[in-house]
Protein chains: 2
Amino acid sequence: MKIIIIGSVAAGTSVAAKARRNREDIEIVIYEKDSDISYSGCGLPYYLGEDYIEREDLTPRTPKWFKNRFNIDIKTQHEVLEVDTVHKQIKGCNLQTGTTFIDPFDRLVFATGATPIVPSIANINNHFTFMLRNVNHADLIDTYIKKEKPQKAIIVGAGYIGLELAENLKKRNIQVTIIDMSLLPAPNLDEDISIQVKNELDKNEVQFIGSETAQAIEEHQGKKHVVLNSGKKISTDMVIVCVGVRPETTLATKCGVKLGITGAIEVNQYMETNLKEIYAVGDCAQSFSSIDNSPMWVPLGSTANKMGRVCGDFITKGNFAFQGILGTGIFKVFDLAVATTGFTEKQLQKKNRNYVVHHNIKPNQSEYFNTSKEMMIKMLADKDTGKVLGAQIVGENGVDKRIDVIATAISFRATVHQLSHLDLAYAPPFSTTKDPVHYSGMVLRNAITERNKTLTPRELMEANENIMVIDVRASHQYNEGHIKNAINIPLADMRSKALTIDKNNKIVMYCNKGVSGNAAQNILQNLGFKEVYNLSGGYNNYVLTKSYLLSSK
Amino acid sequence: MKIIIIGSVAAGTSVAAKARRNREDIEIVIYEKDSDISYSGCGLPYYLGEDYIEREDLTPRTPKWFKNRFNIDIKTQHEVLEVDTVHKQIKGCNLQTGTTFIDPFDRLVFATGATPIVPSIANINNHFTFMLRNVNHADLIDTYIKKEKPQKAIIVGAGYIGLELAENLKKRNIQVTIIDMSLLPAPNLDEDISIQVKNELDKNEVQFIGSETAQAIEEHQGKKHVVLNSGKKISTDMVIVCVGVRPETTLATKCGVKLGITGAIEVNQYMETNLKEIYAVGDCAQSFSSIDNSPMWVPLGSTANKMGRVCGDFITKGNFAFQGILGTGIFKVFDLAVATTGFTEKQLQKKNRNYVVHHNIKPNQSEYFNTSKEMMIKMLADKDTGKVLGAQIVGENGVDKRIDVIATAISFRATVHQLSHLDLAYAPPFSTTKDPVHYSGMVLRNAITERNKTLTPRELMEANENIMVIDVRASHQYNEGHIKNAINIPLADMRSKALTIDKNNKIVMYCNKGVSGNAAQNILQNLGFKEVYNLSGGYNNYVLTKSYLLSSK
């Protein structure tokens, strides 16, 4: 049997390695049109920023390594031009010699990855505008920076890569402006998370220009600038365009491979396409949600590896089945880690799901450590079943741990109640006796059983009924700033003052982060008040929400 | 209804807070014989070491705080002398005034915690020997250090607290010796983990004396020393005894409360004891394994909090049930984090379980980051069902994340195969495309299906049959050191050299950490070799195992 794989980054090499691990008696050939293989696409921003990361770090594995270890033939600078699924052969071109060739196969795997989207910007093809998708792109940027010593850069696109790049260009003392068509950076996340990314950019003097697109890139007498949709011109020394990627399916569609609703190649759990013995893996292939089986396309190296392994195993008579994804992702931007797993609130709204939401602000470790930092966990759960549907976390330390714990729990269809019972590892340097994940689980369970109902700041702002707002903080905190029309009843006075309030009022309580608000809510509820809410994430979250609503006006 | 709770550290205050959250119309009284309440016992070693941690950090909550927030009466320096379960009243003594009192209850909760074990050491009651269990103990130690400026300290007991304390005393420039009756530190863990703790102590110039007990503490003309079992005398300026704790059940047994097999109070999932309306929570109560329901007793603040919450809820007509524990724990000793969840190999051997084991050595984040550090995950799984049974992890960074992910997975009865499919968050600063947890899952699945069998270094050393040992590393690595009688066939030569080996040989392959050994194993297996093993954790793990076996002689 002979397997031909088109593409040699994460997914393609995983297919090959797994197939060889299972069988020695097959031929495995990978065609790669680039010269680099098996590189860390996610590492590119760091290669540009961290001065100790070497070029070789990005491509630790060579074709020779694969030959020695796995007896796999990787032909770089060989472009596949056509796949003939009837005669089971490919037609390709050796890009070094220009000669074409034919190569027969028994099984063919598309691992063609994703291609950067090139937005329609006038004069985008110039000597100071770059993409950042592969090692070659990174080389071009690095060379330009070293040679031209730009003082200013514009990044078009505020996705993960754009944000990581912003941090890394700043490390090279380049002043950065980010432009995005969305109101806020990291637009795939919910706005109450994105606003915190925006604040981090502000804090680090990266200018973010939202709700704008680049129309043209211009250069006059050495002065460069980007012209925005609004007419505004932003001066710069270089431009990096990273507005996202699309699945690279040109070759696949040409030979009759069917695409899915996301635009990526439709595959089953064994990575089979609609054509017999033709497979697709990695960024060019469509995935699905492990939560509700809906089609998803989230191009990531970690998913590509898993798909590759499943495919390599299946071709060689294994029985792994791909289990879908949660859309888990994480990125670092300056001091902040921002992570997501499962569905966002936006996605749940689109899906018309009946959910509850809570914003939980907690330290990552015992507060008496001077490295202790607060994180915000926004968690979403199904109102009917109590199952965790998603979480987004922002904070400086320990974010990656909590998102992975929640992702693991979601994989096993955990309820919020089960989260609160997890036996997680506690010692003061690593967590708090009640971990933030426990706490999110507890509060959401109370919200679901309607024992303790929560209201998000946005729901409060948009409410058009009469709600009594009670600030339960100390009076000096109230005096420093509070929600408009809120009255101040510090928690310690709640039991006595409760007598003066009408029990039929609809009431929302708040403190700074939500814990004292919850305590106050319990007091009133236990005294017979009919409808008492706690403000999710407290005044801190209210201020965040207010700032993004203001910025959208 | 009136609830009396005896003890006000983690569990007792959790009962009270949860009960009050559920109901306003009950009376809640906590009796505490000490003057401090709700303190962080786990924080004591850090209080002694980190110069920025203040005394107040350990006891952030006062009786007044509980009164204001929860309307709970905490009576400190009030010792309960007797519980009369027939007349439902307690007899106590106000330690400040010396007067006794009677107080009736409807429900009574034992939250009496654990008491430090006082080993029988001659002259243990002297002015330079201390315990470390409560804030008062920490104060005494701190005062002694400030006043006497000791240059040397002996810690008796190498459990978590003793090890944490060693690090923190070193921070105060005190030279530390640890004595333990076990061969290695952290004796509740497996030896291949403990040896790494021992190495870390060596590296940080903490002397560890294993297989010894302290017989006497002596002082002559101001010279202090500890006399060991072997007759050896170790000179010191102070001694801290932390040989462990036992459940404090004196009061409970006196009134007829039944103890479990672990010596702690037997309770059901709602924290009910054998006596009606009498409960027990926290370190004085027995827990059970969420894996096999066997009785367990692991005194920890995180468990105490959960038990307290369950009990407070149950008394006020809630329906939480305690879900048991995995025995998850973590501690930091110098640069190392050491964590465990589920069963250790020792425990599985005692239980006669049919298990597979693997040692996985992997970096916590992309290797091109200069903060990247390797960790070792020792994972154990059921050979028949594939379910994860336990894991122990040692490393500098990211250990807490992986142990929590594994603990979460075990809670949901995950198989090793399911571990490899988890959609964990990947970006270069936080992990690798295949997380160490994925990798452990994959390898163990192969071990279970006998696709890739593993042998531990200890199994290899103790094998009394003829095994061919092949070192698959480069020849210069082999020449620097290798397993006795191993032959060297570098991986790249394996396919050609395989022809020269008898396919019926029992063979074990190894590299440094196990990955190339696995690749070589696949080649031979696929070429028809009958019995090929990969050495778990490779040569690195072999060297560790050899060193602890040597030290035990």
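Order of the sequence lines sets the chain letters (A, B, ...), proteins ahead of strands, with each chain counted from 1.
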Please look at [X] and chain B and tell me whether the side chain, the backbone, both or neither of the residue comes under 4.5 angstrom of a heavy atom of that chain.
| X | value |
| --- | --- |
| A/S420 | both |
| A/Y160 | neither |
| A/N305 | side chain |
| A/R69 | both |
| A/S411 | side chain |
| A/Q521 | neither |
| A/V472 | neither |
| A/N71 | both |
| A/K332 | both |
| A/A414 | both |
| A/A498 | neither |
| A/F430 | both |
| A/V310 | side chain |
| A/Y426 | both |

* **Ring centre gap for A/Y368 and B/Y46 strictly below 6.0 Å** => no
For [X], which atoms come within 4.5 Å of any heavy atom of chain A: side chain, backbone, both, or neither?
| X | answer |
| --- | --- |
| B/N22 | both |
| B/R402 | neither |
| B/T340 | neither |
| B/I403 | side chain |
| B/M442 | both |
| B/R21 | both |
| B/R20 | both |

Heavy-atom pairs under 4.5 Å with chain B are the metric here; pick the option from [options] that has the most.
| options | value |
| --- | --- |
| A/A425, A/S40, A/G327 | A/A425 |
| A/D400, A/D57, A/V437 | A/D400 |
| A/Y52, A/Y47, A/W65, A/F331 | A/Y52 |
| A/R413, A/Q323, A/M494, A/R451 | A/R451 |
| A/A407, A/C42, A/A409 | A/C42 |

Exercise. Evaluate the ring planes of B/F288 and B/F322, with Trp represented by its six-membered ring, and classify them as parallel (under 30°), tilted (30 to 60°) or perpendicular (over 60°).
Key: perpendicular
Q: For the residue pair A/F412 and B/F412, categorise the inter-ring angle as parallel (less than 30°), tilted (30 to 60°) or perpendicular (more than 60°).
A: parallel
- Query: Are A/L422 and B/T328 side-chain neighbours, meaning at least one heavy-atom pair lies under 4.5 Å?
  - Reply: no
